[in-house]
Amino acid sequence: MVSALIAPSKTDSTASAAALLAWYDRHRRTLPWRAAPGETPDPYRVWLSEIILQQTTVAAVRPYYERFLARFPTVEALAQAPQEAVMQAWAGLGYYSRARNLHACARMVVALHGGRFPADEKALLALPGIGAYTAGAIAAIAFNKVAVAVDGNVERVITRLHAVEEPLPGAKPLVRELALAMVPQDRPGDFAQALMDLGATICTPKKPACVLCPLSSPCRARAEGTAETFPRKEAKTAGRLRRGAAFVALRTDGHVLLRTRPPKGLLGGMAEVPVSEWRHDYEIREALRDAPLPGVWRRKPGMVRHVFTHFPLELAVFTASFAVDTEAPAGGRWVPRHSLAGEALPNVMRKVLEKALES
DNA sequence: GAACCGTGGGA
DNA sequence: TTCCCAAGGTT
């Protein structure tokens with residue numbers, strides 16, 4: 001909780017919120033999922049955009065959002081769609097549990113709430129894929145409820161405004177309290193979006209434009225000249241390099257052997273070419289024992305490199321040719337080369353296929 | 001509470 | 001090249 005010593009006065013909070021909203025009215029970003037001033041937001045679109053935006057840049061989200069909305073215009077349409085279609089539409093965005101939870105959430109909203117998103121933060125929090133941030137964002141933006149949506153932007157703005165010395169993620173409860181204390185009763189939705197816009201365009205991680213900031217006057221970090229050093233963060237450990245082998249089996253009629261990964265865990269539910277285990281001590285010299293089919297496997301020169309959030313990966317790529325009547329091993333399926341674009345292939349697998357199919 | 005879970009872009 | 005990090009959630 002916030003100690004009395006560092007809690008800002010009610011007057012300061014109100015003045016800051018007013019300054020921020022005035023800035024927002026002039027400089028708000030126009031985004032495909034954002035309702036125009038005076039427009040009533042569509043909770044489905046607010047929710048859809050918030051899920052896609054999690055840990056993702058606005059630029060990367062745009063085309064996916066448009067595609068999702070065209071393909072699944074309503075929560076009912078999304079709920080009725082097969083999971084494969086949802087995974088395919090998500091392919092390339094990363095964090096694939098978000099796609100599974102998106103689908104599960106749509107079905108739950110239809111089954112439990114008659115196809116209408118609840119306006120209550122607590123009810124939202126009970127839905128899959130909706131955590132503290134997203135519940136607050138939907139409550140505030142879609143329903144104009146007094147709630148905060150504390151994302152990376154807001155953490156940065158608030159820790160700078162109050163020069164919060166405690167490092168994240170430990171400081172999260174404090175940041176939340178400080179943000180909540182600022183929320184104006186009449187415009188919670190605009191306030192939530194204003195904080196994010198400020199963090200995205202003015203109060204940036206590097207070289208913040210304090211000169212243009214509506215909160216520069218009350219900002220404690222600005223006064224100290226230390227804005228760029230916030231938020232404080234715990235040092236995180238780098239993951240250890242893992243290696244493995246990937247096997248691209250090519251049938252003479254141009255089909256490629258694919259399989260589907262287990263539903264949970266890394267790249268859960270996504271398509272892949274057969275691969276070995278990925279280990280820090282993997283021996284590529286002995287990779288052929290992991291091949292999905294007996295055959296004449298040839299290694300492609302070099303490695304496919306990929307970096308996941310918590311470890312870097314290097315894959316040796318092997319290819320082999322097979323007769324048209326070769327049966328797929330258990331769990332595998334032959335896919336025509338021209339159909340690869342329609343598969344739910346994560347980027348690391350696209351890299352593997354690119355190397356395997358290059359001449 | 002710490003670990004896990006993708007990807008692309010910018011500096 | 002390397003590092004950071006972007007509208008986080010789940011286990």
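Proteins get letters first, then strands, A, B, ... in listed order; numbering begins at 1 in each.
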Measure from CH2 on A:W90 to P on B:dC5 and round the result to the nearest Å.
17 Å
Residues A:K300, A:E358: salt bridge by 4.0 Å N-O rule:
no
Could you give the distance separating B:dA11 and C:dA7 at their P atoms, to the nearest angstrom?
15 Å
Can you tell which of A:L53, A:V58, A:L48, A:L31 makes a side chain to side chain contact (heavy atoms under 4.5 Å, CB included) with A:Y65?
A:L48
A:E166 has an atom CD; how far is it from atom C1' of B:dG1, in whole Å?
14 Å
Nearest-angstrom distance from the residue atom CZ of A:R261 to C1' of B:dC5:
11 Å
What is the separation between atom CE on A:M87 and atom C1' on B:dG6, rounded to the nearest whole Å?
12 Å
Span that lies between the P atom of C:dA6 and that of B:dC5, in whole angstrom
22 Å
Reckon A:V307 touches a base, only the sugar-phosphate, or nothing at all at heavy-atom distances under 4.0 Å?
base
Contact under 4.0 Å: A:H306 side-chain N or O vs B:dG6 OP1/OP2
no
Reckon A:G268 touches a base, only the sugar-phosphate, or nothing at all at heavy-atom distances under 4.0 Å?
nothing
Sequence neighbours excluded and cut-off under 3.5 Å, please list the side-chain donor-acceptor pairs for residues 201-215 of chain A, or say none.
{"unit_1": "A:T201", "atom_1": "OG1", "unit_2": "A:D197", "atom_2": "O", "d": "2.8"}
{"unit_1": "A:T204", "atom_1": "OG1", "unit_2": "A:K206", "atom_2": "O", "d": "3.0"}

Distance in angstrom units between A:E228 CD and C:dC4 P, rounded
14 Å
Starting at NZ of A:K207 and ending at C1' of B:dG10, how long is that distance when rounded to a whole Å?
13 Å
Provide, to the nearest angstrom, the distance between the CG atom belonging to A:N347 and the P atom belonging to B:dG9.
10 Å
Other residues, nucleotides, ligands: >12 heavy atoms within 6.0 Å of A:E277 CD:
no
Could you tell me whether A:L267 contacts a base, only the sugar-phosphate backbone, or nothing, with contacts defined as non-hydrogen atoms closer than 4.0 Å?
sugar-phosphate
Counting primed atoms, P, OP1 and OP2 as sugar-phosphate and everything else as base, the B/S/- map of nucleotides 5-11 of chain C against protein heavy atoms under 4.0 Å is -BBBSS-
Are a donor atom and an acceptor atom from the side chains of A:R156 and A:N153 found within less than 3.5 Å of each other?
yes
Do A:E166 and A:V175 have side chains that get closer than 4.5 Å, going by heavy atoms?
no
For DNA chain B, whose closest nucleotide is more 5', that of A:P169 or that of A:G265?
A:P169
Report yes if at least one side-chain N or O of A:H310 is closer than 4.0 Å to OP1 or OP2 of B:dC5; otherwise report no.
yes
Using whole Å, report how far CZ of A:R305 lies from P of B:dT7.
17 Å
Pair A:M182, A:F191 - check side chain to side chain contact (heavy atoms under 4.5 Å, CB included), show working.
CA-CA 9 Å; A:M182 288 179 70; A:F191 180 76; 3.5 Å; yes
